[in-house]
Amino acid sequence: MNSPVSQIKDRLTIEDVVSSYIKLERSGVNLKARCPFHNEKTPSFFISPGRGSYYCFGCGASGDIFTFVEEFEGLDFKGALKLLADKAGVKLEVYTKEMKEAESEKERLYRAMEEAAKYFEKNIENNPEGKQASYGAGKEVLEYLKSRGLTTKSIKDFRIGFAILDWRKLYDYLRSKNFSDVEIEKAGLAKKPEDKNKAMYDRFRGRIMFPISDSSGRIIAFSGRIFIDDGKSAKYLNSPETPIFNKSAVLYGLDKAKDSIRKNNFSILVEGQMDLVLSHQAGYRNTIATSGTALSNSEVSKENVVSNLGLIRRLSDNIVLAFDGDKAGFNASLRAGRIALSLGMDVKVALLPEGVDPADLISKSGVDAWKEAIKGSKHIIEFILEKTLKNSKDARVAGREIKDKVLPFVGALESSIEKMHFVKKITDLSGISESALKDDLEKVEQELKSEKTEIVEAEQSLAKVYRKDYIERRLAGIALWKQDKELENKLGEILEKYRSKKNDLIFEAEIFYQNSEDLPKEIDHLLQNWETEKINEELLEKMQELHRVKDKAEEIKLLAEIQELNKKKHELR
Ligand SMILES: [Zn+2]
């Protein structure tokens with residue numbers, strides 16, 4: 001019996017998989033494209049159908065359909081396996097049994113989340129009345145969701161559920177499914193009281209539950225919206241950070257939106273879950289939501305914003321922000337908008353009536369009103385410019401506000417033609433002279449310089465770190481699986497980092513390499529790539545240092561080191 005990996009590889013070519021994500025052009029026997037993993041204007045990303053692999057001459061990204069999906073979708077190996085198996089129509093059942101026996105911690109947590117989702121869904125379907133009615137029962141929740149404009153189909157599709165207002169309904173349910181206290185706590189579904197003699201209690205109580213999935217559709221977290229506001233509890237409560245949920249790296253609805261974003265060549269970013277579900281229902285399946293995590297949180301680091309935007313940008317360069325302009329989240333989203341401009345994306349803002357969010361607009365004014373808002377969306381700079389001019393009382397104030405609020409966005413643009421286009425536009429609308437604006441823009445650009453460098457560096461280091469980690473993981477997996485002492489020694493300290501994930505890694509290595517005809521050759525190949533990546537990383541650091549040093553002698557020393565590293569890299573090839 002062939003492993004699922006080789007079955008999938010038999011059914012899906014590299015061309016099939018990659019072309020479902022990005023546009024490919026023929027180039028002799030190979031295919032080429034603009035690299036999805038780094039920002040470039042001319043294609044340096046090549047695909048060899050014969051070898052079933054890809055390579056980028058710009059950033060060094062390389063691999064097969066599995067690495068491509070992992071890197072493109074931001075998934076781990078099992079997530080990529082699940083996604084590709086679905087695509088190829090390969091059943092993973094045989095492996096499901098084995099998986100269960102050696103189920104890793106993460107795997108158990110994914111399953112606990114799935115069970116919890118099923119449980120929450122049942123609470124709505126079963127319409128529990130009677131005793132629970134006063135706490136908000138399923139029937140009332142269903143009525144409420146329908147009154148907000150949701151259809152039964154949407155509720156099902158998005159697997160919206162309800163956590164009953166009680167202390168340990170979910171906890172008891174999960175215990176009955178053989179999950180341990182530790183697992184339930186680690187999944188972020190129940191909490192341990194400070195007094196250790198007291199019983200655990202559910203984190204989500206009396207809340208409408210929205211499951212958050214990764215891009216392969218596995219549930220990794222929940223967002224719970226309070227059903228009956230008691231004036232004390234937060235309106236929204238999200239899952240805490242867990243081994244399967246990184247709060248700052250998730251966009252709600254990406255699993256359902258990604259195909260449509262690609263097809264329509266733009267995405268719509270909204271703030272809340274209701275906004276998202278109603279927008280999908282209105283036919284805009286290219287909508288994703290920040291859902292209080294990821295992009296709309298001003299405390300999220302630049303690197304995380306870049307990584308989230310990177311996921312969206314790989315699908316399309318065009319993004320429309322659709323927020324209620326009165327809310328705090330809007331200002332944070334403007335920050336994300338500015339970073340998106342720096343990454344060369346085209347950013348527009350949908351015009352919503354003040355105080356109205358997309359969910360209200362769709363349910364009260366109808367689908368056509370939403371269509372109009374999206375169609376009439378304006379470039380982010382025009383949007384801010386008009387808002388600033390409208391809000392300022394006299395021309396002098398406007399001048400200052402334009403410098404503070406509008407020019408940073410102009411400065412963030414990549415193309416100088418676009419910059420000049422907007423300078424002219426500002427002149428036309430505000431009456432401020434072009435030369436005065438250009439002077440101010442120059443100052444703003446000086447101030448922005450370090451931010452831009454930070455963004456570019458974040459982008460580069462994300463790509464590099466990921467690739468090196470990926471190769472290390474593969475090598476560690478083989479070493480642990482084969483108990484290969486020689487390889488273990490070569491990996492040294494690195495291996496220690498992966499010991500806690502031993503079961504996962506062995507599983508990956510086994511199903512990946514069990515049919516390999518020449519494992520030693522694969523190992524050599526990985527080791528060689530690993531060495532190259534280590535040199536790349538050193539090179540990147542030295543280059544960055546080179547930009548910073550002012551001392552001539554120091555500069556010469558760095559240049560010599562860079563030359564030496566390049567030589568080493570050449571020898572490895
Ligand atoms: Zn590249």
Side-chain angles (χ1 to χ4, degrees), residues 14-75 80 215 258 261-262 265 303 305-318 339-340 342-345 414-415 452-474 525-526 528-544 562 565-566 569-570 572-573:
I14 182 112
E15 199 177 334
D16 292 337
V17 174
V18 177
S19 69
S20 73
Y21 291 102
I22 54 174
K23 255 195 211 96
L24 300 175
E25 293 167 47
R26 203 139 275 294
S27 166
V29 289
N30 298 321
L31 297 142
K32 65 177 180 181
R34 271 170 57 199
C35 179
F37 305 123
H38 84 279
N39 206 356
E40 64 173 4
K41 297 255 161 16
T42 49
S44 48
F45 182 83
F46 284 81
I47 283 165
S48 156
R51 259 173 282 166
S53 63
Y54 62 88
Y55 184 77
C56 172
F57 289 95
C59 68
S62 65
D64 56 20
I65 53 174
F66 288 88
T67 52
F68 185 85
V69 169
E70 277 184 49
E71 199 161 345
F72 195 99
E73 301 259 7
L75 289 168
S215 77
K258 57 186 184 185
I261 294 175
R262 218 154 30 222
N265 195 21
E303 188 154 290
V305 175
V306 171
S307 120
N308 272 302
L309 286 171
L311 278 180
I312 306 173
R313 191 186 60 186
R314 275 171 220 160
L315 303 167
S316 167
D317 276 336
N318 308 309
I339 297 179
S342 308
L343 291 170
M345 290 173 83
E414 266 201 330
S415 122
K452 268 206 156 173
T453 318
E454 264 181 74
I455 292 168
V456 172
E457 281 177 7
E459 215 197 352
Q460 286 171 342
S461 75
L462 277 168
K464 299 285 181 206
V465 165
Y466 189 86
R467 203 152 302 122
K468 189 166 140 258
D469 278 3
Y470 182 84
I471 297 168
E472 285 177 359
R473 246 182 104 92
R474 279 278 157 90
H525 190 66
L526 282 168
Q528 193 192 333
N529 282 343
W530 188 41
E531 289 305 324
T532 311
E533 284 309 323
K534 281 196 283 191
I535 295 173
N536 279 340
E537 205 175 77
E538 259 185 88
L539 269 171
L540 187 69
E541 275 167 32
K542 301 262 183 234
M543 298 291 266
Q544 284 168 359
I562 289 169
L565 284 169
N566 272 322
K569 201 168 123 182
H570 222 80
L572 276 170
R573 281 261 167 90

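On a predicted model such as this, the values are computed, not experimentally measured, just so you know. Just follow the structure's listing: the first ligand is 1, and inside any ligand the first atom is 1.
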**Message:** Restricting to non-hydrogen atoms, name the atom on F45 and the atom on C35 that form the minimum distance, rounded to 0.1 Å.
**Reply:** CB-CA, 3.6 Å
**For L24 against E15, the heavy-atom pair lying closest together** = CD1-O, 4.1 Å
**Asked** How far apart are the closest heavy atoms of I535 and L565, and which atoms are they?
**Response** CG2-O, 3.6 Å
**Request:** Answer yes if the side chains of Y55 and S48 hold a donor-acceptor pair under 3.5 Å, and no otherwise.
**Result:** no
**CA sep, side-chain torsions, deciding dist, call: R474, E70, salt bridge (charged side-chain N to carboxylate O under 4.0 Å, His left out)** = CA-CA 13 Å; R474 279 278 157 90; E70 277 184 49; 3.7 Å; yes
**Request:** Answer yes when K534 and E531 have at least one side-chain N-carboxylate O distance shorter than 4.0 Å, and no when they do not.
**Result:** yes
**Asked** What's within reach of the Zn ion (ligand 1), meaning protein N/O/S atoms under 2.8 Å?
**Response** C35 SG, H38 ND1, C56 SG, C59 SG
